[in-house]
Amino acid sequence: MAAMLCENCSGQYHDTQVNQSLEISCTLLLIMFGKVFLDFFMLQVKQKKVKVSFMGYFCISLALLDFTLLLSISFIFYFEDFALWGVRFTKYHICLFTQIISLTYGILHYPVYLVAGLDYYVTIAQTSQFPKRAQRLLYAFAVVVIWISGFFCILKVPIYEELEMQNRFSPYQCPLYASTQSYSVSCAMVLLVGTALLACQKEVIAMLLSVRVVSFASQPVLMFSYVSNNSGTCFKRQLLTRLLVCFLGTWAPFVLLQIIILFPGARIPAYMEMNVPWLYFINSFLIAVAYWCRCHHVELTEETWSTDPFVTWKFCFTPFNNENTEPADKPGTVIVIC
């Protein structure tokens, strides 16, 4: 009787663990579906006529890689246990593939942001037009090299072995990697934005209080009538104020989200943390930094303002009290007048 009870307990325990594994697979599948939808949604709603950049190519590659992962785990989830090209795939490969992706995403934050920052620093004030075909090939090559390097490091270094050992401890669990790089980048961004706001708080408040909604060329526009009373104010300080207004005017919800996540010390798995909206948020921040660092070398041309797919930086370089404004090039263009 005791033996029969023990067998029943063992069977119930096994069924519970299998159900838990199935729930984990379903959760990963739903999360990846939502992430892929968000990735392609951001790629669809962004401005189309923008300059080619490394970050733009990397965002496309990330969306395609997420889509490939979604197809893979969906296929495995549907067929559960099958062999392909002599390799047997089971539902545990859903966790394995997600772990590899998480580890790879987690170590790519620093190199991607560094390359993107250098790209904007060099090209944002570029006077000579680099051949577009060669530029596209260079960006595509850089993206491929970064992805290959990331996967190579993950599949070779001991960090993957440690995560694999954690998974062997309980085959029904799926430990996922949370990136320290992303956490440190979030902390640095919140700290820098907060410091800039404290340094320019008077100018930012005065500028926001002076905003008015007016009609221009049959379109509603925002008009900032604020003029600095201090004629000796540094140009970079004025520019920093405008950069903050433009950046926070678009990405303030993301900044608040970062504060909410960082305050309790929450850690998000790396496969969720690196996504297209997050990369475009970082992209705008890097562009603002590049504009501020190279403000005296920026060419005031229309091509210069087509760098960011979500933020219009032209406002930052137009003079205050500009009464001579021209109609928009096409209907629907948002104009910000100082």
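From a predicted model like this one, the values you see are computed outputs, not experimental measurements.
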For [X] versus [Y], what's the shortest heavy-atom pair and its separation?
X: Ile107; Y: Gly150; value: CD1-O, 3.7 Å
X: Val115; Y: Ile146; value: CG2-CD1, 4.2 Å
X: Ala270; Y: Ser102; value: CB-O, 3.1 Å
X: Glu273; Y: Ile268; value: OE1-O, 3.5 Å
X: Leu108; Y: Thr104; value: CG-O, 3.2 Å
X: Val311; Y: Ser284; value: CG2-OG, 3.6 Å

For the backbone of [Y] and the side chain of [X], can you confirm whether one donor and one acceptor N or O come within less than 3.5 Å of each other?
X: Asn275; Y: Met272; result: yes
X: Asp119; Y: Phe54; result: yes
X: Lys35; Y: Tyr271; result: yes

Euclidean distance, [Y] [atom2] relative to [X] [atom1], rounded to 0.5 Å:
X: Ile101; Y: Ser72; atom1: CD1; atom2: OG; value: 9.0 Å
X: Ile60; Y: Tyr139; atom1: CD1; atom2: OH; value: 13.0 Å
X: Cys200; Y: Leu243; atom1: SG; atom2: CG; value: 9.5 Å
X: Ile76; Y: Leu71; atom1: CD1; atom2: CG; value: 11.0 Å
X: Ile205; Y: Thr241; atom1: CD1; atom2: OG1; value: 11.0 Å
X: Ser182; Y: Trp278; atom1: OG; atom2: CH2; value: 5.0 Å

**Message:** When you measure from the centre of the six-membered ring of Tyr57, is the NZ or CZ of Arg136 closer than 6.0 Å and no more than 45° off the axis?
**Reply:** no
**Request:** Apply side chain to side chain contact (heavy atoms under 4.5 Å, CB included) to the pair Val185 and Tyr110, showing each step before the final yes or no.
**Result:** CA-CA 8 Å; Val185 169; Tyr110 287 166; 3.8 Å; yes
Do [X] and [Y] belong to the same hydrophobic cluster, where Ile, Leu, Val, Met, Phe, Trp and Tyr are linked whenever their side-chain heavy atoms lie under 4.5 Å apart, directly or via other members?
X: Leu248; Y: Leu256; result: no
X: Leu28; Y: Phe33; result: yes
X: Phe40; Y: Leu38; result: no
X: Leu192; Y: Ile260; result: no
X: Leu118; Y: Tyr113; result: no

**Message:** Around atom CZ of Phe141, are there more than 12 heavy atoms from other residues, nucleotides or ligands closer than 6.0 Å?
**Reply:** no
**Asked** Is the number of heavy atoms from other residues, nucleotides or ligands within 6.0 Å of CZ (Phe67) greater than 12?
**Response** no
Are the side chains of [X] and [Y] in touch, meaning some heavy atoms are under 4.5 Å apart?
X: Ser74; Y: Leu29; answer: yes
X: Asp39; Y: Pro277; answer: yes
X: Leu244; Y: Leu197; answer: yes
X: Pro309; Y: Met55; answer: no

**Prompt:** Taking the six-membered ring where the residue is Trp, are the ring centres of Phe281 and Phe247 under 6.0 Å apart?
**Reply:** yes
**Request:** Check whether the ring centres of Trp147 and Tyr105 lie less than 6.0 Å apart, and answer yes or no.
**Result:** yes
**Item:** Steps toward side chain to side chain contact (heavy atoms under 4.5 Å, CB included) verdict (Tyr120, Asn283)
**Value:** CA-CA 9 Å; Tyr120 287 128; Asn283 184 64; 2.3 Å; yes
**Request:** Report the relative orientation of the aromatic rings in Phe254 and Trp251; use parallel for angles under 30°, tilted for 30 to 60°, perpendicular for over 60°.
**Result:** perpendicular
**Item:** Test log, rule side chain to side chain contact (heavy atoms under 4.5 Å, CB included), inputs Tyr121 and Val289
**Value:** CA-CA 9 Å; Tyr121 184 83; Val289 173; over 6 Å; no
**Request:** Could you walk me through whether Ile261 and Tyr183 pass side chain to side chain contact (heavy atoms under 4.5 Å, CB included), step by step?
**Result:** CA-CA 10 Å; Ile261 294 174; Tyr183 186 81; over 6 Å; no
**Asked** Among all residues two or more places apart in sequence or in another chain, which pass the side chain to side chain contact (heavy atoms under 4.5 Å, CB included) test with Val190?
**Response** Gln258, Ile259, Leu262
**Request:** Determine, stepwise, if the pair Asp308 / Tyr280 fulfils side chain to side chain donor-acceptor pair (under 3.5 Å).
**Result:** CA-CA 9 Å; Asp308 197 317; Tyr280 277 128; over 6 Å; no
